[in-house]
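Everything quoted here is computed from the prediction, not taken from an experiment.
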Amino acid sequence: LMIRRPPRSTLSSSSAASDVYKRQDTRTQRIAVTVWDGRVSPVFDTAQCVTLSDIAAGVAGARRDAPIPGDTLQHKIARLRALGVDLLVCGAISQPAAEWLAASGIRLISFVSGDVDEVIAAVAAQRITDPSFAMPGCGCRRQHGARRGRGCAGGGKGCGRDRGRH
């Protein structure tokens, strides 16, 4: 499993996070956060569930969990498209998965960690680039991304808060 490095542009005005904020004022967007045990799952490639929320005018709407099963990454990404996802927020992600997401038109904010509800609120409030949401070990916490590591590998299956349902 090849884990992609966090982009150097994470904190720049051209980053996916900045694009999210620019688009929030004009339309509703559906975000998906990969979830495991109520937190952002450590690796998208092994995630089995996402929490969805629609964000409009800086306000996050109701949340609901949805399974993203699939024996291939293409199936997971097809499921995200079927759910109408505009933006995926996740922990680490392989380079092929990141490229397939981009090709499918789903924007990506990766190497994020934290409680899913807090992460959704941070996206809505335009605070997701805050170092407190950086995945441990990726180097993002140091000097606001001036030095970046290789990311984190890990895994987890399940569906967060209501793990028993999926």
With side chains defined as the heavy atoms from C-beta onward, is the minimum distance between [X] and [Y] less than 4.5 Å?
X: Pro67; Y: Arg79; answer: yes
X: Leu101; Y: Leu80; answer: yes
X: Asp86; Y: Arg27; answer: yes
X: Pro42; Y: Met135; answer: yes

Could you grab the distance from atom [atom1] of [X] to atom [atom2] of [Y], nearest 0.5 Å is fine?
X: Ile31; Y: Ile55; atom1: CD1; atom2: CD1; value: 3.5 Å
X: Thr72; Y: Asp45; atom1: OG1; atom2: CG; value: 11.0 Å
X: Lys76; Y: Asp71; atom1: NZ; atom2: CG; value: 9.5 Å
X: Arg64; Y: Thr51; atom1: CZ; atom2: OG1; value: 10.5 Å
X: Ser53; Y: Leu87; atom1: OG; atom2: CG; value: 11.0 Å
X: Glu118; Y: Phe133; atom1: CD; atom2: CZ; value: 6.0 Å

Which atoms form the tightest heavy-atom contact between [X] and [Y], and what is the distance?
X: Ser104; Y: Ile77; answer: OG-CG2, 3.6 Å
X: Ala97; Y: Leu73; answer: CB-CD1, 3.9 Å
X: Arg63; Y: Ile120; answer: NH2-CG2, 3.3 Å
X: Cys49; Y: Asp65; answer: SG-CB, 3.9 Å
X: Gly91; Y: Thr34; answer: N-OG1, 4.2 Å

Could Asp54 and Arg30 be called an ion pair, given the rule that one side-chain N must be under 4.0 Å from one carboxylate O?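 A salt bridge is present here (some side-chain N lies under 4.0 Å from a carboxylate O).
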Looking at Val50, Leu88, Leu108, which one forms a side chain to side chain contact (heavy atoms under 4.5 Å, CB included) with Phe44?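 Testing each of Val50, Leu88, Leu108 against Phe44, the sole residue satisfying side chain to side chain contact (heavy atoms under 4.5 Å, CB included) is Leu88.
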Under 3.5 Å donor-acceptor, Ser110 side chain and Cys90 backbone: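 No: the side chain of Ser110 does not pair with the backbone of Cys90.
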